[in-house]
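Only one structure is covered here, and it is reproduced in the block below.
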Amino acid sequence: MTIVIEQPLNEAGREEKSLVSGDFVLDGGFVVPQINSFGQTFRDYEAESERKKTVEEFYKNNHINQCYEFVKKMREDYGKLNRVEMSIWECCELLNEFVDESDPDLDEPQIEHLLQTAEAIRKDYPDEDWLHLTGLIHDLGKVLLHKKFGELPQWAVVGDSFPVGCAFDESNVHHKYFKQNPDFGNPKYNTKLGVYSEGCGLGNVLMSWGHDDYMYLVAKENKTTLPSAGLFIIRYHSFYPLHKHGAYSYLMNEEDKENLQWLHIFNKYDLYSKSKVRIDVEKVKPYYLSLIEKYFPAKLRW
Ligand SMILES: O[C@H]1[C@H](O)[C@@H](O)[C@H](O)[C@@H](O)[C@H]1O
Ligand SMILES: [Fe+2]
Ligand SMILES: [Fe+2]
C-alpha cells in the first residue's frame with residue numbers, strides 16, 4: 001500500500017502558522033478550521049486559555065512518571081487483558097464520561113471526538129472502511145481511566161507519546177519536565193539510541209504507556225482483521241514527536257515508513273475535526289456496528 005502525501009513540516013510551530021492565513025480544504029473536501037473551540041490555533045501549549053494550566057500540570061506528571069520500569073510493568077500487566085469482556089460499541093459508551101486533561105483543543109466527552117474523527121474521514125475516503133473504523137476506535141484505550149480498569153491517572157493514559165529507554169527528544173511538549181524523570185540521568189537510557197539500535201523498527205521500541213499501545217494490544221490480541229496500517233495508526237497516533245516533527249525517525253524500519261504515510265493522513269482528521277458540532281449518534285450507529293462486525297469479534301477481552 002503506497003500513497004504519497006505532503007510531508008509534515010519539521011520545525012515546531014511551522015504548521016500552525018501556515019494555517020493562520022485561512023481555513024483550508026483537505027484531500028476530499030473536509031474544511032480544516034484555523035482555530036479551535038477556544039479561539040486558539042490547534043496544539044498551542046503556550047497560548048493563554050482556560051485549558052492551559054490543566055494541560056501543563058498534566059504533562060508535568062506525565063513526564064516525571066513515565067519511565068522505562070513503569071512502562072514495562074504496565075505493558076505486562078494490562079497486556080494480560082484479563083479485566084473486562086465487552087464489545088467495541090460498549091467501550092465507546094463507557095468513554096462518554098471522560099474529558100481528556102491533556103488536550104488543549106477539546107473539552108467534549110470522548111465519544112463525540114471518536115465519531116467526529118470517523119465521520120470526517122468517511123466523507124473524504126468513502127471507500128476505505130477500515131480507516132473509518134480506525135477513526136472510531138483509535139482512542140478507545142482511554143477506557144483505562146474507568147473504574148473497571150483501576151481508574152488509572154490521566155498521565156498514564158492520555159497525552160502525546162514518546163519512546164522510553166533512549167533520550168527524550170526536545171520536540172516533546174513541555175520537555176523541561178523530563179529533568180525530573182528517573183531515566184533522565186541514567187546513562188543506560190539517556191543517549192540518542194539508548195537500549196535500541198538504528199532501524200530496529202518501532203515495534204521493538206517501548207513507548208510511554210497509554211491509550212495508544214493499550215488499544216493496539218487489545219485489537220491485535222483479539223485478532224482484528226484491520227490492515228497493518230490501521231494497527232499502526234492506533235499504536236502511534238499520539239507520537240507527535242515522530243509524525244509531526246520527524247524526531248526518532250532513526251528507529252523506524254521500512255514497514256514503519258510505509259505506514260507512517262497513512263498516519264499523516266489520519267492525523268489531520270484526528271486533530272482538526274475537534275469541534276463543538278455534535279454528531280447524531282443514533283443515526284450513524286448502524287453503519288459503525290456493521291464495520292465492527294466485519295473487523296472484530298462480537299466480544300473482546302480487555
Ligand atoms: O491531548 C491529546 C489526546 O490525549 C489524544 O488522544 C492523543 O492522541 C494526543 O496525542 C494528545 O496530545
Ligand atoms: Fe489519542
Ligand atoms: Fe483522537
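In listed order, ligands and their atoms are each counted from 1. We're numbering straight along the sequence, starting at 1. Note that these values count all heavy atoms, side chains included, but never hydrogens, waters or copies made by symmetry. Everything numeric here is computed off the predicted structure, so don't read it as measured data.
A donor-acceptor pair under 3.5 Å links the side-chain atoms of Asn36 to the main chain of Gly39, judged by distance alone.
Minimum-distance N/O/S atom of Asp139 relative to the Fe ion (ligand 2): OD1. Residue-level check: among N/O/S atoms of His237, NE2 sits closest to the Fe ion (ligand 2). For His113, the N, O or S atom with the smallest separation from the Fe ion (ligand 3) is NE2. Within Asp270, OD1 is the N, O or S atom that lies nearest to the Fe ion (ligand 3).
A ring-centre distance under 6.0 Å is not found for His146 and Phe149. Taking the six-membered ring for Trp and the full ring otherwise, Tyr272 and Phe30 have centroids separated by 6.0 Å or more. Side-chain rings of Tyr59 and His63 approach one another, their centers coming within less than 6.0 Å.
Proximity to Val158 (heavy-atom distance under 4.0 Å) selects the following atoms of ligand 1: 4 (O). The atoms of ligand 1 that sit less than 4.0 Å from any heavy atom of His237 are 8 (O). Close approach of ligand 1 to Arg43 (heavy-atom distance below 4.0 Å) involves ligand atoms 12 (O). Those atoms of ligand 1 that come under 4.0 Å of a heavy atom in Tyr240, given as number and element, are 10 (O). Atoms of ligand 1 found under 4.0 Å from any heavy atom of His211 (numbered from 1 in listed order, with element): 6 (O), 7 (C), 8 (O).
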**Message:** Asp169 vs Phe178, test: side chain to side chain contact (heavy atoms under 4.5 Å, CB included). Steps then yes/no.
**Reply:** CA-CA 10 Å; Asp169 189 85; Phe178 283 122; over 6 Å; no
**Evaluation steps, side chain to side chain contact (heavy atoms under 4.5 Å, CB included), between Lys274 and Asp103** = CA-CA 10 Å; Lys274 291 173 184 173; Asp103 198 336; 2.9 Å; yes
**Prompt:** Would Tyr189 and Asn181 satisfy side chain to side chain contact (heavy atoms under 4.5 Å, CB included), going step by step from the backbone distance to the final call?
**Reply:** CA-CA 11 Å; Tyr189 300 139; Asn181 185 298; over 6 Å; no
**Message:** Before you tell me yes or no, could you show the steps for Met207 and Gln66 under side chain to side chain contact (heavy atoms under 4.5 Å, CB included), namely the whole-Å CA-CA distance, both residues' side-chain angles and the distance that decides it to 0.1 Å?
**Reply:** CA-CA 9 Å; Met207 297 293 294; Gln66 292 268 1; over 6 Å; no
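Of the protein's non-hydrogen atoms, the one nearest atom 4 (O) of ligand 1 is Asp100 OD2, 2.4 Å. With hydrogens left out, the protein atom closest to atom 2 (C) of ligand 1 is Ser102 OG, 3.5 Å, a heavy atom. Summary of contacts: the protein heavy atom closest to atom 8 (O) of ligand 1 is Ser238 OG, 2.5 Å. At the shortest separation from atom 11 (C) of ligand 1 among protein heavy atoms lies Asp160 OD1, 3.4 Å.
For atom 5 (C) of ligand 1, the choice among His113, Gln154, Lys142 with the nearest heavy atom turns out to be Lys142.
Classification of the His132-Tyr287 ring pair by plane angle, with boundaries at 30° and 60°, yields tilted.
Polar contact with ligand 1: absent for Asp212 (N/O pair, distance under 3.5 Å). Residue Gly159 has at least one nitrogen or oxygen atom sitting less than 3.5 Å from a nitrogen or oxygen atom of ligand 1, judged on distance alone.
The only option from Thr117, Asp139, Asp270 that meets the side chain to side chain donor-acceptor pair (under 3.5 Å) definition with His237 turns out to be Asp139.
Heavy-atom contacts from other residues, nucleotides or ligands closer than 6.0 Å to NZ of Lys176 number more than 12. Glu170 CD: 12 or fewer foreign heavy atoms inside a 6.0 Å radius.
Within the 4.0 Å heavy-atom cutoff, Tyr59 counts among the residues contacting ligand 1.
Under the 4.5 Å side-chain criterion, counting only non-hydrogen atoms from C-beta, Tyr125 is in contact with Ile265.
Within the 4.0 Å heavy-atom criterion, neither part of Tyr236 lies near ligand 1. Counting heavy atoms under 4.0 Å from ligand 1, residue Asp139 touches it through the side chain alone. Both the backbone and the side chain of Asp103 come within 4.0 Å of ligand 1, judged by heavy-atom distances.
Residue contact annotation: His138 places no N/O/S atom under 2.8 Å from the Fe ion (ligand 2). Taking backbone and side chain together, Asp212 holds no N, O or S atom under 2.8 Å from the Fe ion (ligand 2).
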